[in-house]
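Here you go, one structure.
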Amino acid sequence: MIPFDSDEGKKAYDEMKADFSGNCGQPPAVFGFGGLGARVPERFLEKFGPSSYGKYQWVKKLPILEAMPKSPKSTTNKDVYEVEIVKAEANMIGNYKQTVYAFQGKGDVPSVPGKTLEFEADKDFEVIFTNKLVDDDGNWIEHFLRVDQDLHWADPACEHKKCNSDLYDGPIPISIHMHGFNTSEEHEGHPDAWFLPDAKGIDGKYNRHGPMYDQFRQTSSVCEDWAIDSMVSIDTPRRASTRWYHDHTVGITRLNVFMGLVGFAITRGGKYDSTSDRMPSGEFDVPLMISDKTFGSDGEMLFYHWHDDLAVRNWTAPINTNEPYPNPFSGGENFQLPLCGEETCNGLGPSDVPIYWSQNYFGIVQLVNGAAWPVHDVKPGCYRYRLLNAALSRVYDLRLDNGMKFTIVGGDSGLSAKSGIHEVDSLVLSPGERAEILIDFTGYEGTSIILKNDYICNIQQYNNIIGRVMRFDVGNEYGDAQKCPTVNELRTEDILPLQPEEEPGSPYVSDPTKSHDVHIYVENSKSVIANFVPAAGLFGLQEVCGLDVIDDTSYDQNIPSAEAMRLMSLYFLMGTKEGGLAYTDPINNYAELKSVQEWIIINNSNSDHPIHIHALDNFRVVKRDILYLDGSTKLADLAPLPHEGSGSGWTKDTVFSYKQTITYVHTYHDLPGSFIYHCHILGHEDRDMMRPFCILNADGSIPDSCKLKDGAGMKCSKPKKEKMTLRPAGKKSSKSKKEKMALCPKKRKTRNL
């Protein structure tokens with residue numbers, strides 16, 4: 001195995017960093033018009049060039065995230081949270097207000113990010129999520145962003161049709177996923193188990209629930225705690241860890257997460273947590289949720305869409321050549337591509353250019369815990385930071401600007417095994433990934449240290465914008481601060497306990513009983529061939545006609561003479577070696593229960609993808625192979641990075657699949673049912689880079705939910721007026737005992753409660 005920190009390993013990882021074309025963030029003009037429909041502001045926030053951003057940096061103090069209040073339903077044996085999803089306001093930058101969707105504890109106030117769900121290891125929890133996206137009169141509210149109905153999405157009205165440009169104006173579907181928890185299928189927040197608010201006028205016009213919802217509710221061991229506008233998540237977490245919760249509604253996850261539906265879920269205690277006073281706690285134990293946004297002139301968040309917002313379409317601002325980009329643009333005449341459904345000029349059929357969906361979202365402003373470029377006032381001592389990349393698309397390469405090192409002590413799923421503890425000077429974190437690090441500010445009294453992001457493109461003017469995340473201001477008073485333990489102390493002393501994979505007799509050390517290949521595909525347009533057209537300081541895209549298209553692969557790459565190619569990266573898929581599969585295609589991966597499974601992720605595409613696998617406590621990243629463009633092996637047996645367990649640790653639930661690599665992962669599943677794996681770049685996930693998989697029953701049979709996922713029950717049906725509605729939780733039901741039994745007919749004992 002080639003160590004990650006050897007000369008060969010360092011060179012390999014440096015070369016694997018993908019050159020994301022938008023990684024500087026789209027230029028400010030790209031967010032100017034159309035992104036919010038009728039709500040779009042007419043001007044940008046100030047000038048929003050490199051010089052003007054500075055006044056928003058280091059102004060806000062780092063918000064210290066509060067704990068979600070527990071429900072009075074909690075007992076000594078079970079923690080219960082009643083969490084509502086509501087429309088609210090936030091203040092992320094300057095004195096501006098933003099419209100958001102937020103989590104709030106029942107009777108509490110909303111916040112973005114949501115307040116932290118705090119759990120105890122080996123103690124049951126129950127979280128009731130209720131969709132309250134209604135106005136004061138009980139009417140549903142329309143989505144603040146544009147829903148692309150051309151995608152496969154929740155579609156409560158069942159109006160899916162190709163190239164549907166109609167703006168969806170119905171109630172907002174929600175499904176909340178407990179990311180990284182080993183919940184049973186009913187309680188994990190499945191994309192197809194979404195639910196609408198209990199608003200006026202829904203019956204007969206919209207389906208209230210997704211196609212998996214009814215079965216999951218009926219088989220839930222806490223069925224009676226569900227309601228018409230809610231879902232319930234339960235688990236008994238066994239490992240101290242930094243996890244999170246977020247929306248996961250099929251086809252609109254990127255929109256709902258962008259609007260604010262994210263929060264930490266932290267488990268403490270138990271035998272896998274540290275009880276040593278050498279580990280930072282209290283004020284020295286700080287969760288950091290990192291993301292990015294761009295804002296408009298009225299301070300609202302700006303989201304962009306294909307035909308309205310991407311480069312050189314619908315710009316009215318004058319050219320400003322002093323900016324690093326030749327933007328803003330002066331008009332949409334340079335974006336000459338056929339709209340979705342329109343005929344193309346080379347006989348390839350109708351255009352497949354998206355209506356609103358866009359591959360990636362790269363914001364200009366860096367947020368930590370919901371605040372733009374905040375400052376954390378720290379004491380000269382040791383801090384434990386729990387890092388989460390909650391961005392829709394952005395990958396971070398985190399470093400401290402003074403070059404000081406920090407120690408990685410944990411990953412997605414908990415603390416590292418002793419052999420996986422390392423001191424490093426950088427950390428690459430892709431969307432969905434977490435890491436726990438120790439930073440020692442001892443000896444830096446009176447200084448300011450910037451947490452940088454080096455995973456950016458080479459436009460120097462933007463390095464101090466996209467390249468800055470937050471700042472640590474080190475005070476002179478020590479207080480209760482202490483020095484960090486050294487790497488050697490962490491590895492040899494009883495500061496950190498043994499982790500599950502280090503225990504004698506752990507099932508994790510067994511050889512895999514089955515292997516699952518996952519091939520990643522990024523495909524270009526099937527019908528539109530275009531090129532870039534420089535014109536008067538602008539650039540645009542136009543369809544190229546009169547070409548001799550020989551086969552489906554013609555113009556897949558640049559043709560130097562014509563400078564034309566199929567419009568790039570419109571389809572993101574996972575599948576078999578025969579080709580990519582859509583989310584709705586039948587299940588092709590069947591995992592065995594309670595035995596180690598090998599997953600081989602083959603990414604021979606042109607981009608990186610963080611892959612998240614559901615239905616487990618943790619998995620092991622075994623190694624990587626690096627590929628040449630033709631798929632042959634360039635370098636074999638490269639060890640994983642420290643926050644990935646360094647090859648032996650089971651610390652992950654999301655792994656960064658670099659382009660031109662094969663990543664080997666070992667999983668262990670102890671609950672049967674229908675689950676998913678997907679790319680955690682949410683724009684990719686929403687356009688079919690998500691696949692179902694099935695965990696077989698103990699006897700090898702296929703669970704009913706897997707049959708449902710592959711069956712006719714998943715097809716959309718026109719809404720009908722509800723004959724029997726579920727009572728909202730806490731309200732007296734007028735239904736007969738027979739009717740109630742029909743709603744909760746099955747009591748199933750699970751591992752969780």
Side-chain angles (χ1 to χ4, degrees), residues 21-22 26 29-35 37 145-153 160-168 251-252 254-255 303-315 329 331-362 393 521-533 535 538-547 549 552-559 562-573 580 582-583 605-607 681-689:
S21 60
Q26 296 289 347
V30 171
F31 307 94
F33 300 88
L145 305 178
R146 292 185 175 188
V147 175
D148 194 332
Q149 298 198 84
D150 183 46
L151 303 183
H152 173 76
W153 79 290
H160 181 74
K161 57 184 179 181
K162 189 65 178 172
C163 297
N164 182 1
S165 62
D166 296 339
L167 289 178
Y168 174 73
I252 57 170
R254 72 198 187 285
L255 306 182
F303 195 83
Y304 56 89
H305 303 277
W306 248 99
H307 275 314
D308 294 314
D309 300 318
L310 288 192
V312 302
R313 187 171 180 84
N314 291 344
W315 312 134
F329 300 102
E333 68 276 2
N334 294 300
F335 193 81
Q336 300 168 11
L337 297 177
L339 302 180
C340 185
E342 295 179 354
E343 285 300 317
T344 56
C345 63
N346 288 300
L348 296 176
S351 169
D352 56 356
V353 174
I355 299 172
Y356 303 125
W357 170 88
S358 183
Q359 297 99 321
N360 298 301
Y361 179 91
F362 296 111
S393 306
Y521 296 92
V522 178
E523 299 177 358
N524 298 340
S525 170
K526 302 181 187 305
S527 57
V528 178
I529 300 175
N531 65 4
F532 289 99
V533 182
L538 309 177
F539 69 86
L541 282 171
Q542 70 175 7
E543 187 179 17
V544 179
C545 301
L547 300 176
V549 182
D552 288 343
T553 61
S554 298
Y555 298 96
D556 263 0
Q557 303 296 328
N558 279 312
I559 308 299
E563 294 185 352
M565 66 180 301
R566 292 178 185 270
L567 202 60
M568 288 186 65
S569 304
L570 291 192
Y571 298 93
F572 296 87
L573 302 168
Y583 175 60
S605 76
N606 60 3
S607 59
I681 294 176
L682 300 186
H684 300 181
E685 171 191 324
D686 280 348
R687 191 172 166 88
D688 268 349
M689 201 167 183

Measure up the Y168 and W153 rings against each other and bin them: parallel (under 30°), tilted (30 to 60°), perpendicular (over 60°).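 Rings of Y168 and W153: perpendicular, as their planes differ by over 60°.
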Looking at V522 and S569, what are the two nearest heavy atoms and their distance?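 It is CG1-OG, 3.6 Å.
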What residues, two or more places apart in sequence or in another chain, satisfy salt bridge (charged side-chain N to carboxylate O under 4.0 Å, His left out) together with R254?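 Here the qualifying residues are D686.
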Minimal non-hydrogen separation, R566 against K526, with atom names: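 Heavy atoms of R566 and K526 come nearest at NH1-O, 3.0 Å.
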Minimum heavy-atom separation for S393 and Y361, please, with both atom names.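 Of all heavy-atom pairs spanning S393 and Y361, the closest is OG-N, 2.9 Å.
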For V544, does its backbone N or O pair with a side-chain atom of N346 as donor and acceptor, under 3.5 Å?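 Yes, the answer is positive, given that a donor and an acceptor are paired below the 3.5 Å cut-off.
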List the atom of G683, the atom of W357, and the distance in Å for their closest heavy-atom pair.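 In terms of heavy atoms, the two residues are closest at O-NE1, 2.7 Å.
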To the nearest 0.5 Å, what is the distance between CG on N606 and CD on E523?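 The CD atom of E523 is 11.0 Å from CG of N606, to the nearest 0.5 Å.
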Rounded at 0.5 Å granularity, tell me how far CG in L337 sits from OG in S525.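 Interatomic distance, L337 CG to S525 OG, rounded to 0.5 Å: 9.0 Å.
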When Y571 is tested against each of N524, D688, D352 for side chain to side chain donor-acceptor pair (under 3.5 Å), which residue passes?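 Going through N524, D688, D352 one by one, the side chain to side chain donor-acceptor pair (under 3.5 Å) with Y571 is satisfied by D352 alone.
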Restricting to non-hydrogen atoms, name the atom on G341 and the atom on C163 that form the minimum distance, rounded to 0.1 Å.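 In terms of heavy atoms, the two residues are closest at N-SG, 3.2 Å.
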Closest non-hydrogen atom pair between S527 and S351, with its separation: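 Where S527 meets S351 most closely, the heavy atoms are OG-CA, 3.4 Å.
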How many angstroms lie between CD1 in I252 and CD in Q149, if you round to the nearest 0.5 Å?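 I252 atom CD1 to Q149 atom CD measures 10.5 Å (nearest 0.5 Å).
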Drop me the distance from L573's CG to M689's CE, to the nearest 0.5 angstrom.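 L573 CG to M689 CE: 8.0 Å, rounded to 0.5 Å.
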Would you indicate whether the side-chain heavy atoms of L570 and P354 approach each other to under 4.5 Å?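 P354 reaches L570 side chain to side chain.
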Taking the side chain from E543 and the backbone from T344, do they hold a donor-acceptor pair closer than 3.5 Å?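 No, the answer is negative, given that no donor and acceptor are paired below the 3.5 Å cut-off.
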Can you tell me how far the CG atom of L167 sits from the CG atom of L145, to the nearest 0.5 Å?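 Reported value, rounded in 0.5 Å steps: 11.5 Å.
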Rounded at 0.5 Å granularity, tell me how far CG in D150 sits from CZ in R687.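 The CZ atom of R687 is 7.0 Å from CG of D150, to the nearest 0.5 Å.
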Is any side-chain heavy atom of L151 closer than 4.5 Å to a side-chain heavy atom of Y583?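 When only atoms from C-beta onward are counted, Y583 and L151 do not touch, as no gap falls below 4.5 Å.
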